[in-house]
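Data block below; observations after.
What you see is a predicted model; the values in this text were computed from it and never measured. When a ligand or atom number is given, it counts from 1 through the structure's own listing order.
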Amino acid sequence: MSKTIKVEVPDIGDFRDVEVVEVLVSPGDRIEAEGSLISLESDKATMELPSPAGGIVGELLVSVGDRVSQGDPILTLTVEDAAAAATSAQPEPQALPAGAGSGPSAVSAKAPGSAATQDAEADVVAEVAVLGSGPGGYTAAFRAADLGKRVVLIERYPTIGGVCLNVGCIPSKALLHTAQIINEADAFSSHGISFGKPEIDLSGLGAWKDGVVKKMTGGLAQLAKQRMVTILQGTGRFVSPERIEVETSDGTKVVAFDRAIVAAGSEPARFPIFPWDDSRVMDSTGALELRDVPERLLVVGGGVIGLEMATVYHALGSKVTVVELTDGLIPGCDRDLVRPLLKIVKKRYEKIHTATRVVSVEARPDGLEVRFEGKGAPESETFDRVLVSTGRTPNGLKIGAENAGVKVDERGFIPVDDRMLTNVGHIHAIGDIVGQPMLAHKAAHEGKVAAEVCAGLKSHFDARAIPSVAYTDPEVAWMGMTEEEAKAAGVEYDKGVYPWAASGRSLSLGRNEGMTKLLFGKDRKLIGAGIVGPNAGELIAETVLAMEMDADPEDIALTIHPHPTLSETVCFAAEVVDGTVTDLYAPKKPTG
Ligand code: NAD
């Protein structure tokens, strides 16, 4: 017995109004059940819609260029075994990597009905389980949900956003802005304007900072809700390659997943020489709590966190000493970029001891007695508080990775490939837990890659440069190859440096210490950049784009930059290499 049915677009997840790019059958064609009927392409995926039954194609109800959503008619089909057609469920569409076209090598996206959703003992089933909700984790979760995946986001703390939003980047930037205003108001006394000494209400400042964090974390929770991402609060650990157990306030919950993304981050390194049970010893989280303004603060570690928090506490009134193990502040950054910062903080801080280590800290009622070892450092000194900012440790050894067969190195890092895949083919890892640099913007970028691979897209991490910024005063920012790295690797380069003392905009801010430096390889392409000065962190972005776009000196020099801005200094540094700069006297003689 035969019957004519109308074949409609099945459930294609969150995709709507998707373009028909190919009609794969013609009227009169005989088609098998599950044979492809039409191809759809969105900016995220290409999918082929299969036939629900075998039969003869009748009238085509769509053509190339039409846009369709779930339920729209595709064609009529005369089905030879009507009973079979009536009982056959609409098969799932086949998701292919965008632009991949049809073919046997196409990657299939896992759909409802796969392993996790059939785990009857699980409390939560997810196509994608994300462990950790920092900038890496929430970005991965949101992107996966936008690609039609059923996502659970597991977070041990009550608010999502991880270290960055709750106890890192965002609250520190709120306090650094305060420090900037205090420093600028102070500097204005020499420009003819006096504001007087600031009156600091620490609880008011803390409440404002907390308000900024709350707005951000509340906004994220809203974004998760809009995307129907399930947030599960509790500490998660793998118990098998397909399951994570989560200790919640409501007991243990089992999450079964098809694919997982580990985004469990890092935490401050805690060396045992510090008496951590004494509340006067702080890590970065404690320092951001602003419990008081200590009269004398010792910052251990002259890296990014130490120098940013030193900026805040100095502006609030502390006498700051910085001790750094290596022979300079911000190791890894070119010395010429650090020098202007050093010159300023040397005047502001009580002492800066480089090439010095802390050998012991004794908690006494009147303060913390710290013993040093290093050239020029005193044997011991007493401080009211000590901030330990000597780096962060990844959380790889704390998530039961061994139960899932995920390889973790002895330091706690999880090795991954450029699809952010671990050694286990359906488990990804991103962010601080996969290695340096431990930066939010790197984690977010990796999160997108992992989510896209989970959805069957052909994505991989191939950024040419990850910018670094110290939000100190002045800011220091760099990206790509540093000059020291270029020298060590024997890479030949041309350097263009523009001193901000020649920038009208910088002088009008009352600042002249800045510098912009660009490095071009022998093929004339940009290979690295460094900027020191107010807003260097904003300015570095242009150079990252230039490097991604393979810019040469002319590309940057012939791009009209607005005047008067600090951004002009990037253009002028390129002009120095190009030999066309007129805002400095550094002409190159015509060669021919
Ligand atoms: P870091 O690695 O940037 O700096 C730690 C510093 O401590 C180094 O200079 C190191 O030489 C020094 N040090 C180590 N042991 C020491 C010892 N015993 N005595 C004295 N000095 C010692 O680490 P961090 O500043 O703690 O930051 C941690 C991570 O967080 C970094 O990966 C950083 O990139 C990231 N972070 C970035 C930003 C930003 O981008 N603005 C802000 C905060 C944190």
[atom] [closest protein heavy-atom partner, distance rounded to 0.1 Å]:
atom: atom 39 (C) of ligand 1; answer: Val469 O, 3.3 Å
atom: atom 23 (O) of ligand 1; answer: Gly391 CA, 3.4 Å
atom: atom 1 (P) of ligand 1; answer: Gly303 CA, 4.3 Å
atom: atom 5 (C) of ligand 1; answer: Ser389 O, 3.5 Å
atom: atom 7 (O) of ligand 1; answer: Gly301 CA, 3.3 Å

N or O contact, Glu308 vs ligand 1, cut-off under 3.5 Å: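 Yes.
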Short N or O distance, Glu324 and ligand 1, threshold 3.5 Å exclusive: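 Between Glu324 and ligand 1 (N or O atoms, distance only) the closest approach is under 3.5 Å.
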Under 4.0 Å from a heavy atom of [X]: give me the atoms of ligand 1 that qualify, with their elements.
X: Val300; value: 19 (N), 20 (C)
X: Thr326; value: 11 (O)
X: Gln436; value: 32 (O)
X: Tyr471; value: 41 (N)

I need the [X] [atom1] to [Y] [atom2] distance, nearest 0.5 Å.
X: Lys346; Y: Leu341; atom1: NZ; atom2: CG; answer: 11.0 Å
X: Asp555; Y: Cys571; atom1: CG; atom2: SG; answer: 11.5 Å
X: Thr321; Y: His353; atom1: OG1; atom2: NE2; answer: 5.5 Å
X: Lys448; Y: Asp146; atom1: NZ; atom2: CG; answer: 9.0 Å
X: Leu518; Y: Lys495; atom1: CG; atom2: NZ; answer: 11.5 Å
X: Asp432; Y: Met438; atom1: CG; atom2: CE; answer: 5.0 Å

Looking at non-hydrogen atoms alone, which of [options] comes nearest to [atom]?
atom: atom 43 (C) of ligand 1; options: Ile305, Leu325, Ile330, Val163; answer: Ile305
atom: atom 3 (O) of ligand 1; options: Val323, Val304, Thr390, Leu439; answer: Val304
atom: atom 32 (O) of ligand 1; options: Lys173, Arg357, Met438, Arg392; answer: Met438

Ring-face cation of Arg270 near Trp276 (centre distance under 6.0 Å, axis angle within 45°):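 Yes, a cation-pi geometry.
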Pro331 near ligand 1 by a heavy-atom separation under 4.0 Å: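 The answer is yes: ligand 1 sits under 4.0 Å from a heavy atom of Pro331.
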Beyond-backbone contact of Arg237 with Glu402, side-chain heavy atoms, under 4.5 angstrom: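 The answer is yes; the side chains approach within 4.5 Å.
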Side-chain heavy-atom pair Leu566, Ser506 within 4.5 angstrom cut-off: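 Result yes, sub-4.5 Å side-chain heavy-atom pair found.
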Result of checking Arg464, Met547, Met481 against Leu526 for side chain to side chain contact (heavy atoms under 4.5 Å, CB included):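 In the set Arg464, Met547, Met481, the residue that makes a side chain to side chain contact (heavy atoms under 4.5 Å, CB included) with Leu526 is Met547.
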